[in-house]
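Structure first, commentary second.
In what follows, chains carry the letters A, B, and so on, assigned in the order in which the sequence lines appear, proteins first and then strands, with residues in each chain numbered from 1.
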Protein chains: 2
Amino acid sequence: MRQIAADVGVQAGALYNYTPDKQSLLFDLMKAHMDELLIAYDDAMQSGAPLDQLEQFVSFHIRYHAARPEAVFIAYMELRNLTDENFAEIEALRRSYEARLEDILKAGVADGAFDVSDTRVAAMALIAMLTGVNTWFREGGRLSMDDVEALYWDMVRKSVLC
Amino acid sequence: MRQIAADVGVQAGALYNYTPDKQSLLFDLMKAHMDELLIAYDDAMQSGAPLDQLEQFVSFHIRYHAARPEAVFIAYMELRNLTDENFAEIEALRRSYEARLEDILKAGVADGAFDVSDTRVAAMALIAMLTGVNTWFREGGRLSMDDVEALYWDMVRKSVLC
DNA sequence: GTCTATACTCTGATAGAC
DNA sequence: GTCTATCAGAGTATAGAC
């Protein structure tokens with residue numbers, strides 16, 4: 001709390017005019033992150049065949065998360081510091097996001113475009129793979145964001161096709 | 001330190017007969033984890049074509065990590081609490097492990113079995129995907145470890161083939 | 001709304017008796 | 001090798017002045 005206060009230019013005590021306690025502050029941060037993710041996703045997606053939608057998902061996920069490394073880091077690392085009740089609420093939002101990818105996969109399986117035997121596992125696997133970009137990607141490195149997106153899309157596409 | 005002491009049945013002060021400080025204890029834990037991972041891997045791998053080796057890697061990685069969820073969790077979450085020097089040493093071991101997968105991918109590209117345009121990125125992507133199993137897999141759930149291994153191997157295999 | 005001051009708790013680590 | 005006692009610092013949170 002002292003560190004946060006210093007970063008925003010007040011003393012620690014003054015923070016309690018804005019949050020009842022530290023747990024609420026963490027929860028509000030994480031909830032805002034998840035809400036904004038879902039809104040941005042629903043806003044970005046356009047209709048199309050499952051393969052097109054999957055490509056949009058890959059592009060959106062990589063770019064959205066790469067642009068917010070600190071928020072993504074906190075959203076993952078601080079999960080264990082939420083109360084049971086707060087954790088359940090954040091977890092529900094995460095599942096809602098995962099379900100959006102799973103729905104794309106289900107649609108692809110239904111129309112015969114995808115060969116995926118367990119859409120839930122595939123969704124979890126793909127999200128883990130895509131989020132992993134944040135652990136190594138650095139702006140100005142060997143690869144551009146476009147390069148990264150193309151490389152991951154190539155792997156994702158092949159992994160769900162017949 | 002008090003919590004660790006309680007778990008092993010001594011008072012906090014007694015721990016300092018075994019470690020000079022908390023940083024050393026964390027580093028030793030993480031170093032042991034990485035050393036054992038590399039030894040277990042080199043011990044488990046058998047020669048074969050790149051595709052066979054890749055299948056062995058997938059099987060080994062999923063099972064080894066799923067069997068040690070707490071060690072894997074610490075090895076990732078506590079990275080930021082290592083001193084720069086200690087971090088560099090752990091990071092080198094991680095890279096060594098990643099290089100083993102990348103070598104398999106390179107061999108597959110060299111003999112024409114794999115279609116992977118960036119073996120470094122592919123190695124990072126696959127490891128992130130496989131380690132992600134730990135975030136959701138629970139013994140006694142809907143799927144057995146064999147099921148999980150088969151599902152992930154199917155996705156990995158397809159993602160690197162032409 | 002912010003400050004200073006402070007209460008209270010927890011933390012890593014050390015000293016010295018046994 | 002373990003204990004008790006303790007230190008110094010940091011943590012969250014509150015009280016009351018301005």
Exercise. In whole angstroms, how far is the C1' atom of C/dA13 from the CG atom of B/Leu25?
Worked result: 14 Å
Problem set entry | Residues B/Arg142, B/Asp147: salt bridge by 4.0 Å N-O rule | no
Problem set entry | Whole-Å gap separating C1' (D/dT2) and CG (B/Asn17) | 7 Å
For this session: State whether the side chain of B/Thr135 and the backbone N or O of B/Gly132 hold a donor-acceptor pair below 3.5 Å, judged by distance alone.
Result: yes
Exercise. Of all the choices, C/dC3, C/dA13, D/dT2, which nucleotide is nearest to the side chain of B/Val10 once you look at every atom?
Worked result: D/dT2
Exercise. Can you find a side-chain donor-acceptor pair between B/Asn86 and B/Glu89 that sits under 3.5 Å?
Worked result: no
For this session: Looking only at side-chain atoms of A/Ala14, point me to the closest of D/dA13, C/dT2, C/dA13.
Result: C/dT2
Exercise. Rounded to whole angstroms, how far apart are CG on B/Asn81 and C1' on C/dG12?
Worked result: 14 Å
Problem set entry | Interatomic distance where NZ belongs to B/Lys22 and P belongs to C/dG12 [whole Å] | 4 Å
Seminar exercise, completed: Per atom distances to the B/Tyr16 side chain, the nearest of C/dT14, D/dT2, C/dG1 is C/dT14
For this session: Grab the CD1-P distance between A/Ile4 and D/dG11 for me, whole Å please.
Result: 11 Å
Exercise. Taking the side chain of A/Arg2 as heavy atoms from C-beta outward, which of D/dA13, C/dA13, C/dC3 is closest to it?
Worked result: D/dA13
Exercise. Toward the 5' end of DNA chain D, which comes first, A/Gln3 or B/Ala12, by nearest nucleotide?
Worked result: B/Ala12
Exercise. Which whole-number value in Å describes the distance from A/Leu15 CG to C/dT4 P?
Worked result: 14 Å
Exercise. Of all the nucleotides listed (D/dG1, D/dA13, C/dT2), which has the minimum atom distance to the side chain of B/Tyr18?
Worked result: D/dG1
Exercise. Do B/Arg63 and B/Glu149 meet the salt-bridge criterion of a basic N to acidic O distance under 4.0 Å?
Worked result: yes
Seminar exercise, completed: CD1 of A/Ile39 to CE of A/Met34, rounded to nearest 0.5 Å, is 11.5 Å
Exercise. Taking atom C1' of D/dG1 as reference, at what distance in whole Å does atom CD of B/Gln11 sit?
Worked result: 13 Å
Problem set entry | d(CG, B/Leu26; P, C/dA13) in whole Å | 12 Å
